[in-house]
There are 2 protein chains.
Amino acid sequence: MLSYTEENYLKIIFILSYPTAKEISTNDIAKNLNINAASVSDMLKKLKQKNLIDYAKYQGVSLTQEGRKIAVNIIRKHRLWETFLVNTLNFSWDEVHDIAEQLEHIQSNLLIEKLYQFLGFPKFDPHGEPIPDENGTFPETKDWICLNSCKKQQKIEVKSITDDSSDLLQHLDKISVNIGVKIEVIEKNSYDKSIDVLINDIKQCTLSKEISEKIYGVLLD
Amino acid sequence: MLSYTEENYLKIIFILSYPTAKEISTNDIAKNLNINAASVSDMLKKLKQKNLIDYAKYQGVSLTQEGRKIAVNIIRKHRLWETFLVNTLNFSWDEVHDIAEQLEHIQSNLLIEKLYQFLGFPKFDPHGEPIPDENGTFPETKDWICLNSCKKQQKIEVKSITDDSSDLLQHLDKISVNIGVKIEVIEKNSYDKSIDVLINDIKQCTLSKEISEKIYGVLLD
DNA sequence: TTTATTTTTTAGGCTTATCTAAAAAATATT
DNA sequence: AATATTTTTTAGATAAGCCTAAAAAATAAA
């Protein structure tokens with residue numbers, strides 16, 4: 001049985017290396033978990049010893065099959081709980097992250113099976129993030145592109161926001177960006193990489209790089 | 001913010017002293033939490049310092065108002081989650097204890113409010129245990145008596161099982177004892193304090209003291 | 001009431017997960 | 001290629017929550 005802490009390390013290693021599967025640095029993990037790099041070094045030794053990561057000193061880290069399996073299961077639980085909170089308990093999408101961070105560590109396979117069934121076997125969570133199935137397979141999203149990478153006059157239907165922090169989601173609420181909304185690129189501003197967009201053919205606004213790179217969708221027209 | 005561990009100490013102190021509100025011994029806590037009495041002594045010092053318990057060396061322990069409030073909230077959460085697991089996710093009543101032990105520590109007032117509402121403001125959990133409301137008030141159960149205390153020929157309708165361990169509950173399933181079932185005392189056996197009972201006017205069996213003292217209900221006739 | 005037993009506390013240790021400071025390795029710059 | 005900078009690791013500490021063994025206090029028995 002892994003500790004809450006160990007699970008969080010595996011999760012963040014997975015998230016930082018998805019979908020590229022490249023090696024992750026000690027510093028990246030430290031920054032993301034808000035802890036000291038020295039602490040990360042200690043933990044990496046321990047996770048390697050448990051055969052959950054591949055790790056050689058100074059060389060970065062990646063998940064073993066076993067480590068990946070655990071990480072994906074945590075993410076599955078996180079996203080199923082977020083779906084429950086929004087769909088069943090009527091939370092808004094910006095309120096659920098912190099609660100799901102706790103719920104994802106509840107240990108019970110039967111619970112997750114039953115929750116999954118109760119929710120109707122959802123494939124995506126309320127932010128559009130894909131929910132891996134019981135075998136760790138993610139639903140198909142290969143036709144999704146990043147808003148950030150769209151050219152002028154291209155238009156997407158929003159499928160996913162790849163960050164469930166309440167700050168970002170509240171901001172998106174304010175400018176009426178939601179899953180399903182249509183966004184057209186009106187202008188690309190090279191100096192700060194921001195873009196001017198038209199939301200649902202009505203509302204014009206400017207999105208900073210920090211925001212546009214977190215919005216994914218399918219190309220329209 | 002209290003740790004998971006501190007919350008468990010407060011919870012067990014509450015449960016051991018309910019409803020009598022008498023002082024609890026270090027040993028009782030140790031046995032119930034399956035840890036060493038020395039560890040309990042350490043923790044009691046800490047909880048006293050945080051003003052959550054009244055405690056003087058060698059004199060036993062009781063909850064302060066603040067401590068009681070926290071303990072009752074944990075119990076509230078435990079019982080609401082058990083209700084959710086049984087009523088919403090179709091768990092059987094003997095499967096939910098261990099999962100609720102984890103879920104009771106999830107921190108979010110809003111979550112509990114919303115869960116409470118979703119469940120229809122239940123007053124009792126699937127084992128008939130009273131669920132305290134948001135002010136920490138328990139629903140009325142003063143007309144409930146222990147099966148153990150019934151005299152020969154008295155009959156009760158089962159309202160509550162005061163132990164949600166799966167061992168006991170599976171045993172009760174086996175002999176068809178459930179909430180709502182009627183149990184009549186046929187004979188009291190003084191040598192081992194067991195009783196012979198008739199369940200739902202059909203099935204006769206013998207209940208040991210260990211079982212009968214955990215069954216509560218209202219007197220019929 | 002004195003002695004024996006049980007309960008509780010203290011003292012000293014261990015493990016986990018964190019920290020800071022310093023050393024070592026890798027990477028970037030001149 | 002030599003030096004400077006950044007990243008990573010090691011070394012040594014700390015706090016939480018547990019342990020065992022021994023001492024102290026309370027309770028029960030003789």
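Order of the sequence lines fixes the chain letters, A, B, ..., with proteins taken first and strands second; residue numbering starts at 1 for each chain.
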**Asked** Any side-chain heavy atom of I75(B) within less than 4.5 Å of one from E129(B)?
**Response** no
Are OP1 or OP2 of [N] and a side-chain N or O of [X] less than 4.0 angstrom apart?
{"X": "S39(A)", "N": "dT18(C)", "value": "no"}
{"X": "K45(B)", "N": "dT10(C)", "value": "yes"}
{"X": "T26(A)", "N": "dT9(D)", "value": "yes"}
{"X": "N27(B)", "N": "dT8(C)", "value": "yes"}
{"X": "K57(A)", "N": "dT7(D)", "value": "no"}

What is the distance from [atom1] of [X] to [atom2] of [N], rounded to the nearest Å?
{"X": "I29(B)", "N": "dT7(C)", "atom1": "CD1", "atom2": "C1'", "result": "13 Å"}
{"X": "I35(A)", "N": "dT8(D)", "atom1": "CD1", "atom2": "P", "result": "13 Å"}
{"X": "L44(A)", "N": "dT16(C)", "atom1": "CG", "atom2": "P", "result": "16 Å"}
{"X": "K48(A)", "N": "dT8(D)", "atom1": "NZ", "atom2": "C1'", "result": "15 Å"}
{"X": "Y58(A)", "N": "dA25(C)", "atom1": "OH", "atom2": "P", "result": "6 Å"}
{"X": "L47(A)", "N": "dT18(C)", "atom1": "CG", "atom2": "P", "result": "11 Å"}
{"X": "L2(A)", "N": "dT16(C)", "atom1": "CG", "atom2": "P", "result": "13 Å"}
{"X": "N34(A)", "N": "dC19(C)", "atom1": "CG", "atom2": "C1'", "result": "14 Å"}

**Item:** Selected nucleotide, minimal atom distance to Y55(A) side chain, candidates dT9(D), dT10(C), dA25(D)
**Value:** dT9(D)
**Prompt:** Of all the nucleotides listed (dT8(C), dT9(D), dC19(C)), which has the minimum atom distance to the side chain of N36(A)?
**Reply:**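 The answer is dC19(C), which lies nearest to the side chain.
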**Geometric cation-pi criterion K159(B) and F124(B), 6.0 Å radius, 45° cone** =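 No, a cation-pi geometry is absent between K159(B) and F124(B).
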**Message:** Regarding S41(A), tell me which of base, sugar-phosphate or nothing describes its non-hydrogen contacts under 4.0 Å with the strands shown.
**Reply:**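 It contacts base atoms.
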**Message:** Take a 6.0 Å sphere around NZ of K123(A) and say whether it holds more than 12 heavy atoms from other residues, nucleotides or ligands.
**Reply:**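 12 or below, so no.
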**Item:** Whichever of Y9(A) and Q59(A) has its nearest DNA chain C nucleotide further upstream toward 5'
**Value:**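 On the 5' side of the pair lies Y9(A).
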**Asked** Can we say E6(A) and K50(A) salt-bridge, meaning some charged N sits less than 4.0 Å from an Asp/Glu carboxylate O?
**Response** yes
Sequence neighbours excluded and cut-off under 3.5 Å, please list the side-chain donor-acceptor pairs for residues 136-150 of chain A, or say none.
from    : atom 1 : to      : atom 2 : distance (Å)
E140(A) : OE2    : K142(A) : N      : 3.3
N148(A) : ND2    : S212(A) : OG     : 2.9
S149(A) : OG     : C146(A) : O      : 2.7

**Fill in**
For W93(B), the side chain to side chain donor-acceptor pair (under 3.5 Å) test, sequence neighbours excluded, returns D173(B)
**Prompt:** Can you tell me how far CG of L80(B) sits from CD of E113(B), rounded to the nearest 0.5 angstrom?
**Reply:** 11.5 Å
**Prompt:** Which letter, B, S or -, goes with each nucleotide of nucleotides 11-16 of chain D from 5' to 3', with contact meaning a protein heavy atom under 4.0 Å?
**Reply:** -----S
